[in-house]
Protein chains: 2
Amino acid sequence: MKQLRKTHQREIILEELCANPTHPTADELYERVRRRLPRVSLATVYRNLEILSDLGIIQKIETAGRQKRYDGNPERHHHIRCLHCGRVDDVDMAEDSEFEIKMPERSRHGFRVMDVKVDFSGICPDCEKEARASRSNAH
Amino acid sequence: MKQLRKTHQREIILEELCANPTHPTADELYERVRRRLPRVSLATVYRNLEILSDLGIIQKIETAGRQKRYDGNPERHHHIRCLHCGRVDDVDMAEDSEFEIKMPERSRHGFRVMDVKVDFSGICPDCEKEARASRSNAH
DNA sequence: TTATCTAAGAGTAATAATTTTTATTAAAAA
DNA sequence: TTTTTAATAAAAATTATTACTCTTAGATAA
């Protein structure tokens, strides 16, 4: 078992990820980290995000056909993505009362069900406002 | 508005996709189509799968970080993916009684919620059997 | 039927996000 | 301090998918 080393790069990457409640992509985070470590490599950011999410310290948000995003909060919670600008926000657990998922133990074809992933999509307030503005201009 | 042409390639692609209840990737389907149309191009398969799913004739199964798969059944239903081999199967609608999702109208941050995607993952019967066999060999 | 228009085809090159490789550096153990 | 090897920087590779270019062939009109 190979042991984990505490490197300066890794510390800064984690710090920057946790500093904001946004869910940056690897390259967005890279830009932020670069302000503090100008010689850091994008591959280092990717590698560390991979390691940290494997360890359950952070969370990887994978959405089909889009860049991966990363969440400094490792706790299980759902996300909503803006269909227009791609922005990702948390869906509060308090709202979970409004939806409920009971997993079957086996799917009909005999799969042992181990996890279920719920992803919301919609339009964020900013994009909605923008759309409304351009609509009223057109008329 | 550009009109759709009925081409031989498109017909075969759709036929082959619907022939099996599997959910092939573009290249798997390409191999199948190639047996009937040896000169077909992979790009043609991709283009037609795109067109057909845009029209709602088929369904694109997009899972983060993995190849897209395609489903000849356009009706809304859930899927389960094997974490080991990547195979995708349908989760029957009959089972939907076991889980229920009520969408909130707005997320806490003011997103207008428009859709929710539910993806199951687990271990398929084949991989489970295989795992069991290799475990018993080890002891 | 024949001419015309253009969607769609084949084949290939390009793209983009991510991962791997290689040589070097630096944590941490000895 | 020396040694070990995980982690880094930088570059190259990978891989699925898309775009491009030129050609072919459905569909419509003459």
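A, B, ... follow the sequence lines: proteins, then strands. Residue 1 opens every chain.
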Round to a whole Å and report the spacing from [atom1] of [X] to [atom2] of [N].
X: A/I12; N: C/dA26; atom1: CD1; atom2: C1'; result: 16 Å
X: A/R10; N: D/dA9; atom1: CZ; atom2: P; result: 12 Å
X: B/N48; N: C/dA8; atom1: CG; atom2: C1'; result: 8 Å
X: A/Q67; N: D/dT17; atom1: CD; atom2: C1'; result: 15 Å
X: A/I51; N: C/dA27; atom1: CD1; atom2: C1'; result: 14 Å
X: B/D54; N: C/dA8; atom1: CG; atom2: P; result: 12 Å
X: B/R66; N: D/dT17; atom1: CZ; atom2: P; result: 12 Å

Does any pair with a residue in residues 44-56 of chain B pass salt bridge (charged side-chain N to carboxylate O under 4.0 Å, His left out), and if so which ones, sequence neighbours excluded?
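Only B/E50-B/K60 qualify under salt bridge (charged side-chain N to carboxylate O under 4.0 Å, His left out).
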What residues form a side-chain hydrogen bond (donor to acceptor under 3.5 Å, both in side chains) with [X], not counting sequence neighbours?
X: A/T25; result: A/D27
X: A/R81; result: A/T63
X: B/D119; result: B/K117

In short, the helix from C/dT1-D/dA30 to C/dA30-D/dT1 is bent end to end, axes from five pairs each side, to 10°, by 30°
A correct 5'-to-3' footprint of nucleotides 18-30 of chain D, with B, S and - meaning base, sugar-phosphate only and no protein heavy atom under 4.0 Å, is BB-----BBS---
Scan for ring pair (Phe, Tyr, Trp, His ring centres under 6.0 Å) pairs involving residues 39-64 of chain B, sequence neighbours excluded, and state none if there are none.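 For residues 39-64 of chain B, and leaving out neighbouring residues, there are no ring pair (Phe, Tyr, Trp, His ring centres under 6.0 Å) pairs at all.
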Kindly state which residues belonging to residues 14-41 of chain A come within less than 4.0 angstrom of DNA chain C, counting heavy atoms of the residue only, listed by number.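 Contacting residues: none.
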Report task. Go through the structure and list residues passing ring pair (Phe, Tyr, Trp, His ring centres under 6.0 Å) with B/H23, not counting sequence neighbours. Result ->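 Result, ring pair (Phe, Tyr, Trp, His ring centres under 6.0 Å) vs B/H23: B/H79.
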Salt bridge (charged side-chain N to carboxylate O under 4.0 Å, His left out) involving [X] - partner list, sequence neighbours excluded:
X: B/D126; value: B/R87
X: B/R36; value: B/E15, B/E16
X: B/E128; value: A/R106, A/R112, B/R132

How about A/Q9 and A/L37: do any of their side-chain heavy atoms sit closer than 4.5 Å? yes
Q. Does A/I123 reach the side chain of B/F111, with side-chain heavy atoms less than 4.5 Å apart?
A.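 No, every pair of side-chain atoms sits at 4.5 Å or beyond.
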